[in-house]
Amino acid sequence: MKKKILVTGGTGYIGSHTAVELIAEGFDVVIIDNLYNSEAEVADGIKMISGVKPQLEVLDICDRSKLDVFFEKHHDIAAVIHFAAYKAVGESVRKPLEYYHNNLMSLINLLGAMKQFNINGLVFSSSCTVYGQPEVLPVNELTPWQPAQSPYGNTKQIGEEILMDTTRADENIKAIALRYFNPIGAHPSGLIGELPRGVPENLVPYITQTAYGLRDELKVFGNDFNTPDGYCVRDYLHVVDLAKAHVVAVKRLLEGKTKSSYEVFNLGTGTGVSVLEAIQSFERATGVKLKYKVTGRRPGDVEKIWADPSLANTELGWKTVSSLDESMLTAWNWEKNIRGKKS
Ligand code: NAD
Ligand code: WQD
């Protein structure tokens, strides 16, 4: 009998790639998504890759009564992966209440429903944003948090605190928070990928849209930072590598292998890459020359951050395998594919 995993936000960017990997590992996947930032057709893309179309229940997790109806129908869920959230940092500064409401109510409702329906394992999408600009690099899981730089970042810090308190209070519930660094790229099939609405805030979708001709040029936010080449440094990991970590985490929960009721893992490559190096990688991998111009700094940007992923490497047996160039190439193939379909 296949174990059924609930993937909230499963038609979104990381959720859809995770659904593919879960199906490949023999899990039954049911998705909840309100399609705020994704489209129902993503489930068809998942089917084209995996051969199985996951069930998609379109509902808002902030609606507890609808969530309860969902769990009454799917009473056999073995574990939950909770991706659903709003994620645009800049928008969260303009609309803090929407971000606090959506990201925190959804988590609270989900945990309440899990308790009610006796579902005990949760994997939570956290973020390197909880660290702010750390004093020591690379960051490991014990690196102290800096004050959140945005309401979005604050929802991830508070979300983790909610999980710490909930798992402390209820010994049945176990949670694993995965702190992603910068996920990029798309499935190598080109059938699923990132679909930012409007003007992208993140670097790689901005690069691919510029290369495609949808944007005039990439604005690089500063090259006067205290880094080797002056550009900001991040830890970019391929979304398929990231998706696979979720399968490992779910198995760890289901097999009762967690060492405490609340665990945290950094998910990154362990290598810092500058914006300039990222641009060069894109150009090398795709053969496309990118138009870009260095402009002023983006307010609130962290100067440099990259992960110490050794806990995930040793404890989860997980590490990234895709190179930056491979990630850039898949992002580019996805961009071409999706624009071809939309034009
Ligand atoms: P995404 O926007 O592509 O996917 C999130 C999905 O959740 C969307 O399909 C959206 O429609 C859905 N959703 C949002 N609120 C909902 C609600 N109340 N009820 C039901 N569905 C809802 O985002 P993503 O990039 O796949 O990110 C997934 C998770 O990972 C988020 O929690 C995000 O904060 C976290 N994260 C993302 C990144 C990144 O760079 N992409 C980095 C670190 C952490
Ligand atoms: C990367 C680098 C920019 C766009 C964000 C969130 C973080 C996490 C990951 C969810 C930076 C530079 C970007 C552009 C540029 N998400 N850049 N021109 O800032 O590391 O993190 O996504 O949890 O919370 O804050 O990612 O992709 O926005 O930027 O020069 O048009 O690219 O300055 O150095 P970031 P990003």
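Numbering of ligands and ligand atoms starts at 1, following listing order. All values reported here derive from a predicted model rather than from experimental measurement.
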_Protein heavy-atom partner closest to atom 17 (C) of ligand 1 - residue, atom, separation in Å_ = Asn34 ND2, 3.4 Å

*asked:* Give me the residue, atom name and distance of the protein heavy atom closest to atom 3 (O) of ligand 1.
replied: Tyr13 N, 2.8 Å

*For Thr330 and Pro188, work out which heavy atoms get closest and say how close.*
CG2-CA, 4.1 Å

*Considering only heavy atoms, which of Tyr152, Tyr36, Phe83, Tyr86 lies nearest to atom 32 (O) of ligand 1?*
Phe83

*What protein heavy atom is closest to atom 40 (O) of ligand 1, reported as residue, atom name and distance in Å?*
Pro183 CD, 3.3 Å

_List ligand 2 atoms under 4.0 Å from Glu201, heavy atoms only on the residue side._
4 (C), 28 (O)

*Assess Lys87 for proximity to ligand 2: is some non-hydrogen atom of it under 4.0 Å away?*
no

*What residue and atom, counting heavy atoms only, is the protein's closest point to atom 26 (O) of ligand 2, and at what distance?*
Asn182 ND2, 3.2 Å

_So, regarding Ile14 and ligand 1 (criterion: nitrogen or oxygen to nitrogen or oxygen, under 3.5 Å), is there a contact or not?_
yes

*Starting from the C-alpha separation in whole Å, work towards a yes-or-no answer on salt bridge (Lys or Arg N to Asp or Glu O under 4.0 Å) for Glu335 and Arg339.*
CA-CA 6 Å; Glu335 185 75 59; Arg339 297 302 156 196; 2.5 Å; yes

*Non-hydrogen atom of Tyr231 closer than 4.0 Å to ligand 2*: no

*Test of proximity, His82 against ligand 1: N or O pairs below 3.5 Å*: no

*Under 4.0 Å to a heavy atom of Cys232 - the qualifying atoms of ligand 2, by number*: 34 (O)

*Taking N or O atoms only and a 3.5 Å limit, does Tyr206 qualify as a polar contact for ligand 2?*
no

*Any cation-pi pair here, Arg297 with Phe225, using under 6.0 Å and within 45°?*
yes

*With backbone taken as N, CA, C and O and side chain as the heavy atoms from C-beta onward, which portion of Asn202 lies under 4.0 Å from ligand 1: side chain, backbone, both, or neither?*
neither

*Measuring from the heavy atoms of Tyr236, does anything fall under 4.0 Å of ligand 2?*
yes

_Which residue is it: Leu178, Leu311, Ile176? I am looking for the one with a side-chain contact (heavy atoms from CB on, under 4.5 Å) to Glu263._
Ile176

*Of Gln209, Lys87, Glu201, which meets side-chain contact (heavy atoms from CB on, under 4.5 Å) against Pro196?*
Gln209

*Atoms of ligand 1 less than 4.0 Å from Asp60 heavy atoms?*
17 (C), 18 (N), 19 (N)

*Do Tyr13 and Asn37 meet the criterion of a side-chain donor-acceptor pair at a distance under 3.5 Å?*
no

*asked:* Between ligand 2 and Leu203, is the shortest N or O to N or O distance under 3.5 Å?
replied: yes

_Could you walk me through whether Asp216 and Thr210 satisfy the side-chain contact (heavy atoms from CB on, under 4.5 Å) test, starting with their C-alpha distance in whole Å, then the side-chain angles of each, then the deciding distance to 0.1 Å, before giving a yes or no?_
CA-CA 6 Å; Asp216 290 341; Thr210 305; over 6 Å; no

*Compute the minimum heavy-atom distance from Ser126 to ligand 1 and say whether it is under 4.0 Å.*
yes

_Residue selection (non-hydrogen contact nearest atom 23 (O) of ligand 2) among Tyr292, Tyr152, Tyr180_ = Tyr152

*asked:* My understanding is that only one of Trp332, Tyr206, Tyr212 makes a ring pair (Phe, Tyr, Trp, His ring centres under 6.0 Å) with Phe282; could you say which?
replied: Trp332

*Kindly determine whether Asp301 and Arg234 satisfy salt bridge (Lys or Arg N to Asp or Glu O under 4.0 Å), including the steps that lead there.*
CA-CA 11 Å; Asp301 242 342; Arg234 297 289 185 274; 3.1 Å; yes

*Kindly identify the option in Ile61, Val7, Asp33 whose heavy atom sits closest to atom 9 (O) of ligand 1.*
Asp33

*Specify side chain, backbone, both or neither for Leu59, according to which of its non-hydrogen atoms lie closer than 4.0 Å to ligand 1.*
backbone

*Taking N or O atoms only and a 3.5 Å limit, does Tyr180 qualify as a polar contact for ligand 1?*
no

*Distance filter under 4.0 Å to Ser127 heavy atoms, resulting ligand 2 atoms*: 8 (C), 10 (C), 23 (O), 24 (O)

*Measure centre to centre between the rings of Phe83 and His17, then say whether the value is under 6.0 Å.*
no

_Residue selection (non-hydrogen contact nearest atom 23 (O) of ligand 1) among Lys66, Lys87, Glu201, Glu57_ = Lys87

*asked:* Quick test: of every protein heavy atom, which one is nearest to atom 5 (C) of ligand 1, and how far off is it to 0.1 Å?
replied: Ala85 O, 3.9 Å

_Protein contact of atom 4 (O) of ligand 1 - nearest heavy atom, named by residue and atom, plus distance_ = Gly12 CA, 3.4 Å

*Of all the atoms in ligand 2, which lie at a distance below 4.0 Å from a heavy atom belonging to Val220?*
30 (O)

*With atom 17 (N) of ligand 2 as the reference point, say which of Phe221, Phe181, Tyr131 has the nearest heavy atom.*
Phe221

*How far apart are the closest heavy atoms of Trp334 and Glu194, and which atoms are they?*
NE1-O, 2.7 Å

*Does the side chain of Leu122 come within less than 4.5 Å of Met114's, by heavy atoms?*
yes

*Which part of Lys156 is near ligand 1, with near meaning a heavy atom under 4.0 Å away: side chain, backbone, both or neither?*
side chain

*Heavy-atom proximity to atom 28 (O) of ligand 2, best of Arg298, Glu303, Arg297*: Arg298

*Can you check whether Arg234 has an N/O within less than 3.5 Å of an N/O in ligand 2?*
yes

*For Ser65 and Asp63, does a side-chain donor sit closer than 3.5 Å to a side-chain acceptor?*
yes

*So is there a nitrogen or oxygen of Ser106 less than 3.5 Å from a nitrogen or oxygen in ligand 1?*
no

*asked:* With a cutoff of 4.0 Å, is Asn102 in contact with ligand 1, counting heavy atoms of the residue only?
replied: yes

*Considering only non-hydrogen protein atoms, determine which one is nearest to atom 24 (O) of ligand 2 and report residue, atom name and distance to 0.1 Å.*
Thr129 CB, 3.2 Å

_Given Lys304, Lys219, Lys156, identify the one with the heavy atom nearest to atom 18 (N) of ligand 2._
Lys219

*From Leu56 atom CG to Ile46 atom CD1, the distance as rounded to the nearest 0.5 Å*: 8.5 Å

